[in-house]
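All values below were derived from every heavy atom in this structure, side-chain atoms included, with hydrogens, water molecules and symmetry-related copies excluded. Please read all numbers here as calculations on a predicted model, not as lab measurements.
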Amino acid sequence: MRIDFSSLYPNVVGFERMARELEGLFEQKSASWPPYNIEKLEQDRYLITLAVAGFERDELILETELGTLKIKGQKHPQEGERTFLHQGIAERDFELSFKLSQHVEVQGARLEHGLLQIELARELPEPLKPRQIAIGNAETLALPSAK
């Protein structure tokens, strides 16, 4: 599916990057392997779980770059010849990308029982966090007096 956002460019100022990112999302192929889940654990915490049966830690690469989480699996070549009567475990290389929302950071990752779990959290900088403003009276407010 291809959506053309170019007709919006003359009508938006400063949103060109967002339009390009939207185009990129629609152009991205939907990955079917390896299977994965994305869970929302709490308001600002997430967990991505990938089924990576047969992969060792040193065969998996996780990196973030410009708001994108990239996960690559690269199998080491097996020594010797193997004869399968049935091969249901796909041991092929893969690469997945996840576009991260602003201020979402990878907290950590672990590989256990063939599942790669990646923890994410949104951490707003202090100036962007909501804050409550105390309401004082006329004596506590230091406004310049009108003359």
Side-chain angles (χ1 to χ4, degrees), residues 1-136 140-143:
M1 177 181 192
R2 173 92 170 122
I3 297 178
D4 185 16
F5 289 96
S6 62
S7 62
L8 295 176
Y9 292 151
N11 301 323
V12 295
V13 177
F15 290 95
E16 299 86 3
R17 189 178 128 242
M18 184 187 308
R20 281 194 301 276
E21 286 181 6
L22 283 172
E23 284 177 343
L25 287 174
F26 285 104
E27 288 173 2
Q28 227 177 26
K29 294 178 243 167
S30 76
S32 61
W33 198 85
Y36 63 89
N37 294 335
I38 302 175
E39 286 179 74
K40 185 173 186 174
L41 302 176
E42 294 174 7
Q43 178 64 27
D44 291 322
R45 289 187 53 238
Y46 307 90
L47 181 69
I48 298 174
T49 304
L50 283 83
V52 291
F55 281 84
E56 300 292 333
R57 276 181 179 78
D58 65 338
E59 296 174 324
L60 297 168
I61 301 165
L62 276 74
E63 57 188 23
T64 57
E65 180 183 358
L66 299 173
T68 301
L69 169 64
K70 295 179 184 176
I71 306 159
K72 298 176 190 174
Q74 297 175 327
K75 289 295 292 176
H76 298 309
Q78 294 288 327
E79 293 182 19
E81 190 174 317
R82 299 165 70 185
T83 305
F84 292 99
L85 298 178
H86 171 77
Q87 185 177 10
I89 300 173
E91 294 182 341
R92 62 183 181 262
D93 294 350
F94 68 88
E95 185 173 336
L96 291 177
S97 293
F98 295 93
K99 191 74 178 157
L100 302 178
S101 178
Q102 195 172 24
H103 308 298
V104 171
E105 298 288 332
V106 176
Q107 299 295 303
R110 67 181 168 273
L111 179 63
E112 231 178 324
H113 307 295
L115 297 175
L116 175 63
Q117 295 186 316
I118 305 162
E119 297 175 38
L120 306 162
R122 179 188 327 271
E123 294 186 8
L124 288 176
E126 204 58 43
L128 296 180
K129 289 182 181 178
R131 62 185 178 99
Q132 193 168 12
I133 315 290
I135 301 173
T140 60
L141 195 58
L143 289 178

Walk me through it: do N37 and I48 pass the test side-chain contact (heavy atoms from CB on, under 4.5 Å)?
-> CA-CA 6 Å; N37 294 335; I48 298 174; over 6 Å; no

When rounded to the nearest 0.5 angstrom, what distance separates CD in Q117 from CG in L111?
-> 9.5 Å

Answer yes or no: is there a side-chain heavy-atom contact under 4.5 Å between V52 and L60?
-> yes

Does L96 reach the side chain of P34, with side-chain heavy atoms less than 4.5 Å apart?
-> yes

Salt-bridged, E63 to K72, with N to O below 4.0 Å?
-> yes

D44 side chain to E123 main-chain N or O, any donor-acceptor pair under 3.5 Å?
-> no

Salt-bridge present (E119, R110; N to O < 4.0 Å) = yes

Y36 and F94: aromatic ring centres closer than 6.0 Å?
-> no

Between CG of L116 and NE2 of H113, what distance do you get to the nearest 0.5 Å?
-> 13.5 Å

Counting only heavy atoms not in Q107, do more than 12 fall under 6.0 Å of its CD?
-> yes

Atom pair CZ/CG of R45 and L120 - distance to nearest 0.5 Å = 10.0 Å

Do the side chains of F98 and I71 get nearer than 4.5 Å, heavy atoms only?
-> yes

Separation between CZ (F55) and CG (D93), nearest 0.5 Å, reads 6.0 Å

Residues passing the ring pair (Phe, Tyr, Trp, His ring centres under 6.0 Å) test with Y46, sequence neighbours excluded, are none

Which distance, rounded to the nearest 0.5 Å, do you find between the OG1 of T49 and the CD1 of I118?
-> 8.5 Å

Value for CD (E59) from NE2 (H76), rounded to nearest 0.5 Å, stands at 4.5 Å

Donor-acceptor contact below 3.5 Å, side chain Q87 vs main chain F84 = no

Applying side-chain contact (heavy atoms from CB on, under 4.5 Å), run through L50 and L115 and close with a yes or a no.
-> CA-CA 6 Å; L50 283 83; L115 297 175; over 6 Å; no

Does any N or O in the side chain of K75 come within less than 3.5 Å of the main-chain N or O of G54, such that one atom is a donor and the other an acceptor?
-> yes

Salt bridge present between K70 and E65 (N-O < 4.0 angstrom) | yes

